[in-house]
Amino acid sequence: MAQLEVKDLSLSYPGSRSGSTFLALDKVNVSIEKGEFVTIVGPSGCGKSTLLMLVAALLRPTSGAVQLNQKDVTKPGPDRALVFQDFALLPWRTVIKNVELGLELKKVPSAQRRKEALKYLDMVELGKFCNHYPHQLSGGMRQRVGIARALSVDPEVLLMDEPFGALDAQIRQVMGLELLRIWERERKTIIFVTHDIDEAVYLGDRVLVMSASPGRVIQEVKISLPRPRDLSLRNKAEFTAYRETIWNLLEKQVQANGAWRQDSALS
Amino acid sequence: MIFEGAYKRNERLLLGALGLLIFAVFWESVVRLGYLNPITASSPSRIAQAFASQWHNGAILKNSRIFLFELTVGFTLAFIVGVTLGIAMGVNRLVEYAADPFVWLIYASPTIAFYPLLMIWIGFGSATVITVTFLLTFVSIVVNTMAGVHAAEPQMIRVLKVFGGKPIDIILKVIIPASLPLMLAGVRIGLSRAFLGVILGEMFSSNAGFGYDIAYYAGQLQTATVFVSIIILIVIGTIINLLFTAVEARLFAWKAR
């Protein structure tokens, strides 16, 4: 049985004109195995982040369901930890206190909380920065805190919403590598939303390609590249072939929907 | 060499003190040379004498005790009510709509004008002073706390929800810390209004305290004794301000400088 099941999930909003509705997601079906690394790509506005918000239960679907271990997901919880694109650290908390947040909410006693938080900070190589405040860190470091915070609650599924979208190209690649290293070790199920095709192919076991509004999964591309992966993979022929396949799928979507709106916040 | 280093470190303080000293010498000379009437203008030496006699007869300690008691009680009540109501209004729209008219009417009203009424209702003395201090103070705390709550970013609240935070966790771990800067700005304004509230209260509806003494001795043209009270109020105000700044610096160490 799959660990996470998304069944006929639809979401519509009231539209701009009164009485009209805007269909953001249309009967999305996804099934994810334990320990799988699934990436989702799609044009901006296709609802890929919305899908993640529904899995996190920050939004309620209009119809359909999300099931974790065969149980309907109805409210947010630490079994589905989210890593935010804008890091979303609490600026008044030190790095370690930020990581401890989820553990606090799980009522973990303070000594154990500290120990756990330090373990995950060491994992993202930020142990030395535990008493810094977020504003003293670079973007890449802040997102590593975000990842440590999400891992610390020992989630069943790690949801990542364009986590490297706010970082520059070099840092992005380094972060991708680090994420793979952590994943190889922890073997958490990861759902990773991105608009970067390279990133999607490079990281994922499977890439879900979504269509623009209404959002649907138009194709699943299984990525049979060997693991552990490193950056040299990007120049291999198989990699380029996958990129080509996905680009071709997306290109049709983009043409059908006008321009590829690069920097839309609602991607 | 050593002196130069010590001077450099305290330049601001030393030059400030020098400025005050020059002012005092100027004041004293103008009075002594007969350009100003010593009865109305007083002078630093007269104030020093008045200070000594007020100290010996115990008035300074007694007035300070009364002043600090009224200020502390009035301000603390205003702080508790102000912060609680401000958070409730910021979090819950129904509470906001219901309480809004009261808050703004009190904010807009010349609170001091209520003194005669409050004297009729509550009577003469500390209770009335504390009531007016409370009324003057709590509104600026309510209004700023509410604004602070509204300034909490939805994204931070979302973080708490994602990790399973309940409404009480959201209030304690996001809303209160996020609203603290504005809340404390309101507390600072509230404190200066509380100061005024106590002094005016003592002037109008009390028979003790610095406010009462200021009004009483001014009536007797004992200007030096009036100045003693004013100077002590300035000192108390400065100490409270410094403490407040120290607390703020501690609380806001996380802010980017």
Does either side chain, that of A:N69 or that of A:E156, offer a donor lying less than 3.5 Å from an acceptor on the other one? yes
So for A:L90, is it side chain, backbone, both, or neither that comes closer than 4.5 Å to the heavy atoms of chain B? both
Using the rule given for ring-ring contact (aromatic ring centres under 6.0 Å, His included), can you reason through B:F195 versus B:F67, listing the C-alpha separation, both sets of side-chain angles and the distance that settles it, and then say yes or no? CA-CA 9 Å; B:F195 234 77; B:F67 180 81; 5.1 Å; yes
Could you tell me which portion of A:E104 (side chain, backbone, both or neither) has an atom closer than 4.5 angstrom to a non-hydrogen atom of chain B? side chain
Do side-chain atoms of A:R142 reach the backbone of A:P134 as a donor and acceptor pair under 3.5 angstrom? yes
Could you check which of A:A81, A:P91, A:P155 has the highest count of heavy-atom pairs closer than 4.5 Å to chain B? A:P91
Just to verify, what does A:E199 make a salt bridge (charged side-chain N to carboxylate O under 4.0 Å, His left out) with, not counting sequence neighbours? A:R172
Whatever's closer than 4.5 Å to a heavy atom in chain B on A:L82 counts as both
Against chain A, label B:L180 side chain, backbone, both or neither, depending on which of its atoms sit under 4.5 Å from a heavy atom there. neither
Do A:R93 and A:E100 meet the salt-bridge criterion of a basic N to acidic O distance under 4.0 Å? no
Closest-packed option against chain B by number of heavy-atom pairs under 4.5 Å, given A:V153, A:T94, A:D86: A:D86
Does either side chain, that of A:E162 or that of A:T194, offer a donor lying less than 3.5 Å from an acceptor on the other one? no
Do any of residues 162-172 of chain B have a heavy atom less than 4.5 Å from a heavy atom of chain A, and if so, which, in residue order? B:V162, B:F163, B:G164, B:G165, B:D169
Would you mind checking which part of A:L89 comes under 4.5 Å of any heavy atom in chain B, side chain (CB onward), backbone (N, CA, C, O), both or neither? backbone
Below 4.5 Å, heavy-atom pairs only: which of A:K106, A:K75, A:R149, A:Q136 has the largest tally toward chain B? A:R149
Residues forming a salt bridge (charged side-chain N to carboxylate O under 4.0 Å, His left out) with A:R80, sequence neighbours excluded: none
Using a strict 4.0 Å threshold on nitrogen-to-oxygen distance, state whether A:R181 and A:E178 make a salt bridge. yes
Report the residues that fulfil salt bridge (charged side-chain N to carboxylate O under 4.0 Å, His left out) with A:K188, sequence neighbours left out, ordered by chain and then residue number. A:D154
Is the side chain of B:E202 donor-acceptor paired with the backbone N or O of B:F210 at a distance under 3.5 Å, no angle test? yes
